[in-house]
Amino acid sequence: MKIAVPAPFNLKYTLECGQAFRWREIDGWYCAAVKGQGIKCRQVGTDLEFFTAPQTDNVALIRDYFRLDDNLTAILREIDKDDYIHGAIEKYKGLRLLRQDPWECLVSYICSAASSVKKIGQDVDRISKMFGNKLELESYLTHTFPTPEALARGCVADLCACSVGFRSEYIHEAAKAVASRRLDLESLRRKPYEDAKQILLEYKGIGEKIADCVLLFSLDKLEAFPVDRWIRRAMQENYQECRDANDREIRAFASRHFGRYTGYAQEYIYQRIRDESRA
DNA sequence: TCCCAGGCGAAAG
DNA sequence: CTTTCGCATGGG
């Protein structure tokens, strides 16, 4: 299956920027399990070629997951407020936020605390292999991310075996909350950003940064601006107003500086600071 | 071997 | 209220 994607669109930047953790590049194709479906895809110019399974040719899934309805040109124009982010926009133009599954996103970012992008992917893979279902797509073998019920049924020791360490109890508690309907992640999509965030903050292991990541990467809160150690450094070093700012002040500055799409600004800045410090 | 990693919660100031 | 420290584990 092949669809034309709206420019700008860059699949590599979108899948390798560190917002999602289970994509693997094999022979020029990106493969992953997304929302219970296997996806294998590649970009050829302005086309996105893909396979999905077990539902074949699932265009709706692709359009939703890659946020193809976002007018990225208009969004980038709106956040292009200064030289620093302008440089990031020029270099990473086509990077799109994803609309991930909220449950997988929540667990992934609970795993992200004091970890690395590589290890998070390993953790989520181990969790999927232990608790998820087998999935085959065009000879690519993987596992779906487990349902909250599957994780809630498991024990904390099994999660520990996935090498998530001190995060295992946080994950298990979240699984029980979602499986029991005490926490309805999908309902947060319809609530105002601040209300949704306060609900997530009630759970152990979910702080300001992780809540913002879940809201931004899976629940359509483009006004969220997750502040991690990299973003903190980038903002303090490049914005006079943030020189001595704490995380709360950095979020407040970003919100008034970049406007309603500050979450997109965060992802472009994250890419720039990561690339420049890798050198 | 040592240090760091898309933080967080609890203790201490 | 803000700052400091311990936390499990794997990778560089």
Side-chain angles (χ1 to χ4, degrees), chain A residues 13-24 88 92 95-98 100 102 104-130 155-175 177 183 197-219 221-222 224-238 242-252 254 262-279:
Chain A
Y13 291 157
T14 299
L15 296 183
E16 294 184 2
C17 71
Q19 57 178 323
F21 303 98
R22 296 198 67 206
W23 287 94
R24 302 292 177 262
Y92 305 108
L95 191 168
R96 282 175 183 262
L97 290 174
L98 296 169
Q100 301 184 48
E104 175 176 344
C105 192
L106 177 63
V107 175
S108 299
Y109 279 93
I110 290 176
C111 289
S112 77
S115 189
S116 63
V117 172
K118 177 180 284 291
K119 183 177 184 301
I120 299 164
Q122 295 173 339
D123 290 350
V124 181
D125 274 349
R126 283 186 285 254
I127 290 170
S128 300
K129 194 166 186 178
M130 181 173 294
C155 60
V156 176
D158 290 335
L159 277 166
C160 273
C162 299
S163 302
V164 295
F166 61 86
R167 310 163 191 88
S168 56
E169 294 198 28
Y170 300 152
I171 295 168
H172 197 245
E173 286 304 310
L183 173 58
K197 185 170 181 177
Q198 287 309 312
I199 290 171
L200 290 175
L201 289 176
E202 293 173 13
Y203 294 87
K204 279 194 178 181
I206 305 175
E208 301 262 4
K209 190 269 174 181
I210 290 174
D212 277 333
C213 283
V214 175
L215 293 169
L216 176 62
F217 299 136
S218 73
L219 290 168
K221 306 307 180 193
L222 302 188
F225 189 85
V227 178
D228 70 343
R229 61 187 77 201
W230 296 100
I231 290 293
R232 185 181 310 126
R233 204 179 103 192
M235 298 301 287
Q236 289 173 340
E237 291 178 355
N238 293 284
C242 293
R243 184 65 58 188
D244 299 303
N246 60 30
D247 293 354
R248 177 177 52 78
E249 293 163 336
I250 290 171
R251 284 193 299 273
T262 188
Y264 260 103
Q266 190 270 4
E267 207 54 25
Y268 277 77
I269 291 171
Y270 180 76
Q271 282 312 293
R272 177 166 180 172
I273 187 70
R274 287 303 300 262
D275 257 5
E276 290 179 349
S277 53
R278 202 170 349 238

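Note that this is a predicted model, so its numbers are computed, not measured. Excluded from the calculations below are hydrogen atoms, water molecules and symmetry mates; all remaining heavy atoms, backbone and side chain alike, are included. Throughout, protein chains are lettered first and strands after them, A, B, ... in sequence-line order, and every chain is numbered starting at 1.
- Within residues 109-124 of chain A, the residues approaching DNA chain C are A/A114, A/K118, A/K119, A/Q122, by heavy-atom distance under 4.0 Å.
- A/Q271 has its CD atom 11 Å from the C1' atom of B/dG6, to the nearest Å.
- Counting non-hydrogen atoms under 4.0 angstrom, A/E267 reaches a base of the nucleic acid.
- Here B/dC8 presents its P atom at 14 Å from CD1 of A/I171, a figure rounded to the nearest Å.
- The C1' atoms of C/dC7 and B/dC3 are separated by 16 Å, rounded to the nearest whole Å.
- Across the protein-nucleic acid pair, A/L200 atom CG and B/dC8 atom C1' stand 15 Å apart, rounded to whole Å.
- Considering only residues two or more places apart in sequence or on other chains, A/Y203 meets the ring pair (Phe, Tyr, Trp, His ring centres under 6.0 Å) condition with none of them.
- Between chain A and DNA chain C, the heavy-atom contact criterion of under 4.0 Å yields a 5' to 3' nucleotide range of C/dT2 to C/dG12.
- Note on A/R248: only backbone sugar-phosphate atoms sit closer than 4.0 angstrom, heavy atoms only; bases stay farther off.
- Residues passing the side chain to side chain donor-acceptor pair (under 3.5 Å) test with A/E16 are A/K12, A/Y30, sequence neighbours excluded.
- With hydrogens and angles ignored, the 3.5 Å screen pairs no side-chain donor or acceptor of A/R167 with any backbone N or O of A/G205.
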Could you write out each protein N or O paired with an N or O of nucleotides 1-3 of chain B at a distance under 3.5 Å?
none

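- Within the structure, the salt bridge (charged side-chain N to carboxylate O under 4.0 Å, His left out) test picks out the following pairs touching residues 197-209 of chain A (sequence neighbours left out): A/K197-A/E208, A/K197-A/D212, A/E208-A/R251.
- Residues A/V156 and A/I171 have side chains not in contact (no heavy-atom distance under 4.5 Å, counting atoms from C-beta outward).
- Mapping A/R167 and A/Y203 onto DNA chain B by nearest heavy atom places A/R167 at the nucleotide closer to the 5' end.
- Here A/W230 does not lie in a stacked arrangement on the base of B/dG6, lacking the combination of planes under 30° and ring centres under 5.5 Å apart.
- Note that CG of A/D228 is 11.0 Å distant from CZ of A/R233, once rounded to the nearest 0.5 Å.
- Straight-line distance between the P atoms of B/dA11 and C/dA8: roughly 15 Å, to the nearest whole Å.
- Residue A/I210 places its side chain closer to B/dC8 than to any other of B/dC8, B/dA5, B/dG6.
- Listed by chain and residue number, nothing satisfies the salt bridge (charged side-chain N to carboxylate O under 4.0 Å, His left out) test with A/E169 (two or more places apart in sequence, or in another chain).
- The same atom, P, is picked in C/dT4 and in B/dG6; the two are 23 Å apart, to the nearest Å.
- Rounded to whole Å, atom P of B/dG6 lies 5 Å from atom OH of A/Y270.
- In this structure, the separation between CD1 on A/I210 and OG on A/S112 is 4.5 Å, given to the nearest 0.5 Å.
- In this structure, SG in A/C242 is found 11.5 Å from CD in A/E237, a value given to the nearest 0.5 Å.
- Rounded to an integer number of Å, the gap from CZ of A/R229 to P of B/dC8 is 11 Å.
- In this structure, A/L95 places its CG atom 17 Å from P of B/dG6, rounding to the nearest Å.
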List every contact pair, protein side and nucleotides 10-13 of chain B side both N or O, where the distance is under 3.5 Å.
from	atom 1	to	atom 2	distance (Å)
B/dA10	OP1	A/K204	NZ	3.3

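- At a threshold of 4.0 angstrom between heavy atoms, the contacts of A/G207 are confined to the sugar-phosphate backbone, with no base atom among them.
- Remark: A/Y170 pairs with no residue by the side chain to side chain donor-acceptor pair (under 3.5 Å) rule, at least two apart or across chains.
- In this structure, a donor-acceptor pair under 3.5 Å is present between the side chains of A/Y270 and A/R274.
- When the P atom of B/dC8 is taken as reference, atom CD1 of A/I206 falls 9 Å away, rounded to whole Å.
- A/E173 pairs by the side chain to side chain donor-acceptor pair (under 3.5 Å) definition with A/K176, not counting sequence neighbours.
- A/F217 meets the ring pair (Phe, Tyr, Trp, His ring centres under 6.0 Å) test with A/Y109; sequence neighbours excluded.
- Rounded to the nearest 0.5 angstrom, A/L200 CG and A/C213 SG are separated by 11.5 Å.
- Take A/R24 and apply the side chain to side chain donor-acceptor pair (under 3.5 Å) test, not counting sequence neighbours, and it matches A/D125.
- Rounded to whole Å, the distance from CG on A/N246 to C1' on B/dG7 is 15 Å.
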